[in-house]
4 protein chains.
Amino acid sequence: MSVIRPMRADAVRNRRKILDAANAQITARGPDVGMDEIAQAAGVAVGTLYRHFPTKTDLVAAVVGEYVVAVADDAQASLGRASVGTSRAVDEVVGFLSRVAESSADHHAVKAAAQGLGVEGHGDESDESRASGALAELIALAQADGDIRTEVTVDDLYLLMATAPTDEPAPVRQRWLDLILPGITTPPC
Amino acid sequence: MSVIRPMRADAVRNRRKILDAANAQITARGPDVGMDEIAQAAGVAVGTLYRHFPTKTDLVAAVVGEYVVAVADDAQASLGRASVGTSRAVDEVVGFLSRVAESSADHHAVKAAAQGLGVEGHGDESDESRASGALAELIALAQADGDIRTEVTVDDLYLLMATAPTDEPAPVRQRWLDLILPGITTPPC
Amino acid sequence: MSVIRPMRADAVRNRRKILDAANAQITARGPDVGMDEIAQAAGVAVGTLYRHFPTKTDLVAAVVGEYVVAVADDAQASLGRASVGTSRAVDEVVGFLSRVAESSADHHAVKAAAQGLGVEGHGDESDESRASGALAELIALAQADGDIRTEVTVDDLYLLMATAPTDEPAPVRQRWLDLILPGITTPPC
Amino acid sequence: MSVIRPMRADAVRNRRKILDAANAQITARGPDVGMDEIAQAAGVAVGTLYRHFPTKTDLVAAVVGEYVVAVADDAQASLGRASVGTSRAVDEVVGFLSRVAESSADHHAVKAAAQGLGVEGHGDESDESRASGALAELIALAQADGDIRTEVTVDDLYLLMATAPTDEPAPVRQRWLDLILPGITTPPC
DNA sequence: GATGAATGAGTGTTCATTCAT
DNA sequence: TATGAATGAACACTCATTCAT
């Protein structure tokens, strides 16, 4: 008696195509691409786009939401590796930040679009807490190892993620990482 | 043979009013204020606005340019104090970064507007080099004091300035500064 | 040899639901309700709605048609009472007009929708002639009584019905009736 | 020191052209003409149209307002003639109603458009009261002559004007007038 | 036969920019 | 030179209708 009706197969396909097209178009042509252009890139009519996302804001929020899912997945995978002992927790934190800075580069225009439209909730809240949970554990692990400063919190990570120089070339992003890291890790002595 | 004709007094006045109005309006009403609104706030007609700045991009670039002037002034003042020995050079660097993060908060919408319009050159190049020069000397001073890591450059400072969390409340900006500083300063031991 | 195939029971039910929903929605939400909204209110999908009424115009015409049926019924009932002598024919004419003005108030948005769509034939012609016939006899009766002016015709009644102030509150509609009546009834002397 | 600045001559001209075009287009092509079509018919760009009337509602309201001006003028002229004794006051009332029914025929689609957009104030209030005043005096005059029933008010006239069969051919409108008049004038005996 | 996703022309409105006054 | 009216391409969004499932 679930209220959640399964979507028709083609509707699912279209939703995917739209989301991908939106991501691609915003990335390629800037945060102000028109809905028509996104629809065309997705190979659907505008009406279809609006059936899936009643508002441009909704569409962009969904795109951001997908990104949050990816980030949460990454955070959980990092935690997984650190828990098992495959790698040190600090290294996972650093790797995570590095990958986020990397992937955010593509995501930059999307973030700009979201800001321009006043997108609020970045998609599903459960994904955000999934990410937060994993990162919290990861930090705790690294702190137990004595590798990360005791006062560092998940919010600090979010703050750094938010300020990553997403529109800069790779070497700059690497340098940024180097500048950032000492603030998180414990001093050498 | 100079082509630069002195501006008529009222033209100068108008330019000032427009620049101030643009800054105020963008800050107050977001990066997407219309040219008409800016003109009205400046007490001139749109036509006048366009006589001074042929393009919205030009206008925003000029506003950004003014900000660069202020930053350059600050940098030079900081250097002055450190040279005279009034204060330690590191402290001036930190203070400078802190003030920039602070002032950038107001400036945030302007930056967003600039980005949205693809503003390239941030105004007068001489101001940029004025700032760069002062900051370079300041860093050198601090490095001579052994307070700032030897590999830190002016570009690092610019990178950090560019990624300051300008749209966050003061405590967050302070925390960001705390996270950032260890990457610049020499380790305690 | 009749081409008219009896409708399947559920098709009949759907037709009813759609007609009722259309009436209700147009009345409640104005003449511009969308087909989707009507379909949803009827508990069917748009496709079903379009199976029954190939065009919005057709749907609205059908709704109007139902109203004509009700009016025809009323006219015949009025005639019935007057014929039997239960009441004076004039009073029945007046009562009829009054009730039409009354019911038209609900019907107002439907009329507006019909006009907006250029609905032509108001449904079944037989109903119109049923109404016309009854009203003609009723007028004749009242004229025989000397109560209604000899030159008054059925078309006059239609004209008045058409111009009833359907979107005005009850007292206004009553006042309108008072203004209208002297033109139909015989002068007191 | 008047705040009302005189409009530029060409702006005035454009305003006129727009108003006329709006009237013409709505009359000719129905209440749902697009703003673009109106603009084109007026020989201006849409932007110009929107500079003069920030909203379609505003435009239609202005068109209706012009009609109110015409009606008010007519009412005052009628009163003038009756006051001077050129004609009987009743005749002026009848003539006024007749002319309104006549002119309203053209005006019908405009009224529909106004209703569809929820136009509230029919333009300038002063024109409405100008009309009301003149009609009140005219009615009083005719009542003094013993030609119009004592209970008739200006609102009655408005009610009848509002219900005139504006979309019917001339003979029908004439017949309507005949049906309406006895409700206003004193009975023959 | 019913469903509801897809279509796409059309709508009202905005805004950077131009140009007659 | 300043003014502000005019321009018109562009945009987000709607809705009657069609058609694959």
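Here is the naming used below: chain letters follow the sequence lines, and residue numbers restart at 1 for every chain.
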State whether a side-chain donor-acceptor pair under 3.5 Å links D:Tyr50 with D:Thr55.
no

Reckon D:Asn14 has a side-chain N or O less than 4.0 Å from the OP1 or OP2 of F:dA5?
no

Residues within residues 24-33 of chain D bordering DNA chain E, heavy-atom distance below 4.0 Å:
D:Val33

Identify which nucleotide among F:dC13, E:dG4, E:dT13 has an atom closest to any side-chain atom of C:Ala45, counting heavy atoms from C-beta outward.
E:dG4

Closest-nucleotide mapping onto DNA chain E: is A:Asp36 or C:Asp36 further toward the 5' terminus? I mean the 5' end.
C:Asp36

Counting side-chain heavy atoms from CB outward, which of F:dA5, E:dT13, E:dA16 is closest to D:Lys56?
E:dT13

Is any side-chain N or O of D:Arg51 closer than 4.0 Å to OP1 or OP2 of F:dA6?
no

Please pick, from E:dT3, E:dG8, F:dT3, the nucleotide with the shortest atom-to-atom distance to any side-chain atom of B:Val44.
F:dT3

Both distances under 3.5 Å, Watson-Crick or G-U wobble: on that basis, could you give the dot-bracket string for DNA chain F, with [ ] for crossing pairs and | for other-strand partners?
.||||||||||||||||||||

So what does C:Gly34 hit on the nucleic acid, given a heavy-atom distance under 4.0 Å: a base, only sugar-phosphate, or nothing?
sugar-phosphate

With a 4.0 Å limit, can you tell me whether D:Thr48 has a side-chain N or O closer than that to the phosphate oxygens OP1/OP2 of F:dT7?
yes

Side chain of C:Met35, heavy atoms from C-beta onward: which of F:dT17, E:dT13, F:dA5 has the nearest atom to it?
F:dT17

What I'd like to find out is whether the side chain of D:His107 reaches to under 4.5 Å of the side chain of D:Glu66, using heavy atoms alone.
no

Check whether any side-chain N or O of C:His52 sits under 4.0 Å from OP1 or OP2 of E:dG1, and answer yes or no.
no

